[in-house]
Participant: 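Below is the structure I would like to discuss, written out as structure tokens.
Below, each value reflects all heavy atoms present in this structure, side chains not excepted, and no hydrogens, waters or symmetry copies. Worth saying up front: this structure is predicted, and the values here are computed from it rather than measured. In listed order, ligands and their atoms are each counted from 1.
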Amino acid sequence: MSDPSAPTRPPLGIVALGTYVPERVVPNSEFEARMDTTADWIESRTGIRERRYAGPDEYTSDLGVRAVRDLLSRDPDALKDVDAVICATVSPDALMPSTAALIALQVGLVGAAAFDLSTACSGFVYGLSVAQGLILSGSARRVLVVGAEALSKVVDPEDRNTAILFGDGAGAAVVGPVPAGYGFQDFVLGADGNGGGSLYLRCVAPRLPGGVEMTQAVGMNGREVFKFAVRVLGDSGTQVLAKSGLTGADVDWVVPHQANVRIIEAAMERFGLPMSKATVNVDRYGNTSSATVPLVLREAVDDGRIQDGQQLLLIAFGGGLSWVAGTMKWWGGAPSLQPRPAAEVGAWA
Ligand code: ACO
């Protein structure tokens with residue numbers, strides 16, 4: 001339960017939202033042709049039917065910029081008062097400059113603070129919490145949080161354990177003041193480096209401190225990550241609900257990281273909620289790491305499922321291993337948070 005004696009915080013939440021996925025659709029059948037797998041195996045074990053791949057000369061910053069432009073196309077003033085840019089990514093264009101600085105440059109935010117955040121699939125929701133902290137500490141008025149990934153460029157295309165899971169995409173949100181009664185309630189964040197060897201991407205060191213030798217492409221122990229994910233989504237979701245004085249019955253929508261539909265099903269069971277209360281699009285985009293939460297959020301806002309005043313529970317897990325859960329009352333008052341005409345849903349300029 002929130003501490004009633006704690007000083008009240010100014011309400012902060014998402015005030016603008018945009019997304020982008022690259023054009024190229026990669027159906028499961030493409031993998032059948034080049035590795036020992038079947039389209040049915042992939043769909044039945046993961047729920048994934050297809051994913052998107054960035055073009056040969058399209059990188060994470062490009063995807064992030066397109067997501068920001070999507071947001072600007074509906075709300076041209078959305079970047080006003082943005083003093084900081086956070087890019088959550090594990091497939092940055094470079095280690096330096098940060099992908100956040102590259103995005104800031106291209107969307108007219110030179111001079112704003114800019115940094116990348118590396119908690120893999122937890123990154124976007126972690127970023128919302130960091131953005132809230134920057135605003136509450138007085139360091140920023142509004143913060144642009146981008147989750148962007150070109151994972152197709154960091155997986156081994158021949159590795160059936162990983163290649164089938166991941167896709168490319170981006171989402172962008174502006175965090176800022178919202179009317180009283182709306183916005184972020186609580187966050188629970190965590191990480192456990194003991195599980196670092198279960199999900200990694202080599203950079204400078206050839207091995208992890210514990211001795212796990214890393215390959216150049218994403219390496220993963222799928223079974224370990226699966227067990228971890230089911231546990232931490234349930235635990236952190238339950239913890240954040242308790243922190244906000246809520247139960248599963250108060251939640252209108254669970255907005256989970258999209259890694260595997262079976263992981264989402266297990267989490268929903270833990271909350272005692274039906275799958276109809278979870279937003280799911282892993283079937284069409286696969287696991288886009290830090291981009292999954294904004295992508296699925298935009299979809300549910302666009303088609304009118306998520307509505308003004310509804311109670312959301314955001315949950316994600318990822319490399320680190322890391323986890324995050326957040327509660328928020330959705331504010332639908334800004335131009336890019338309105339439902340889109342059906343013809344425009346899923347379309348990107
Ligand atoms: N096609 C056919 N068979 C396969 C494939 C494939 N693409 N991949 C693995 N198999 C085989 C395995 O080799 C294994 O064979 P064996 O029994 O002879 O050893 C068998 O299928 C079953 O393997 P499991 O790992 O038990 O399969 P499971 O049902 O757990 O599904 C999967 C594997 C989909 C990877 C699942 O474990 C999973 O989703 N794990 C979580 C992964 C995840 O979420 N990663 C992202 C984390 S977020 C981030 O930060 C990036």
Participant: Should the pair Asp235-Arg270 be classified as a salt bridge under the 4.0 Å nitrogen-to-oxygen rule?
Facilitator: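 Salt bridge: yes.
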Participant: Test side-chain hydrogen bond (donor to acceptor under 3.5 Å, both in side chains) on Asp308 and Tyr182; report intermediate values, then the result.
Facilitator: CA-CA 9 Å; Asp308 187 81; Tyr182 289 99; 2.6 Å; yes
Participant: For the pair Arg142 and Asp81, find out whether any cationic side-chain nitrogen is under 4.0 Å from an anionic carboxylate oxygen.
Facilitator: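 Between Asp81 and Arg142 there is no salt bridge, as every charged N stays at least 4.0 Å from the carboxylate O atoms.
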Participant: Consider only side-chain N and O atoms of Gln310 and Trp253, and report whether a donor and an acceptor are under 3.5 Å apart.
Facilitator: yes
Participant: In Å and rounded to the nearest 0.5 Å, what is the CZ to CZ distance from Phe31 to Arg51?
Facilitator: 4.0 Å
Participant: Check ligand 1 for close polar pairs with the protein: N or O on both sides, less than 3.5 Å.
Facilitator:
from, atom 1, to, atom 2, distance (Å)
ligand 1, 1 (N), Thr37, OG1, 2.6
ligand 1, 3 (N), Arg160, NH1, 3.3
ligand 1, 7 (N), Thr37, OG1, 3.2
ligand 1, 7 (N), Arg160, O, 3.1
ligand 1, 13 (O), Arg160, NH2, 3.0
ligand 1, 23 (O), Arg223, NH2, 3.4
ligand 1, 25 (O), Arg223, NE, 3.4
ligand 1, 26 (O), Arg223, NE, 2.7
ligand 1, 26 (O), Arg223, NH2, 3.1
ligand 1, 27 (O), Arg45, NH1, 3.3
ligand 1, 29 (O), Arg45, NH1, 2.8
ligand 1, 29 (O), Arg262, NH1, 3.2
ligand 1, 29 (O), Arg262, NH2, 3.4
ligand 1, 37 (O), Gly222, O, 3.2
ligand 1, 39 (O), Asn260, ND2, 2.8
ligand 1, 40 (N), Gly222, O, 3.0
ligand 1, 50 (O), Cys121, N, 3.3
ligand 1, 50 (O), Gly319, N, 2.9

Participant: Does a side chain donor of either Thr89 or Glu149 reach within less than 3.5 Å of an acceptor in the other side chain?
Facilitator: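 A donor-acceptor contact under 3.5 Å links the two side chains.
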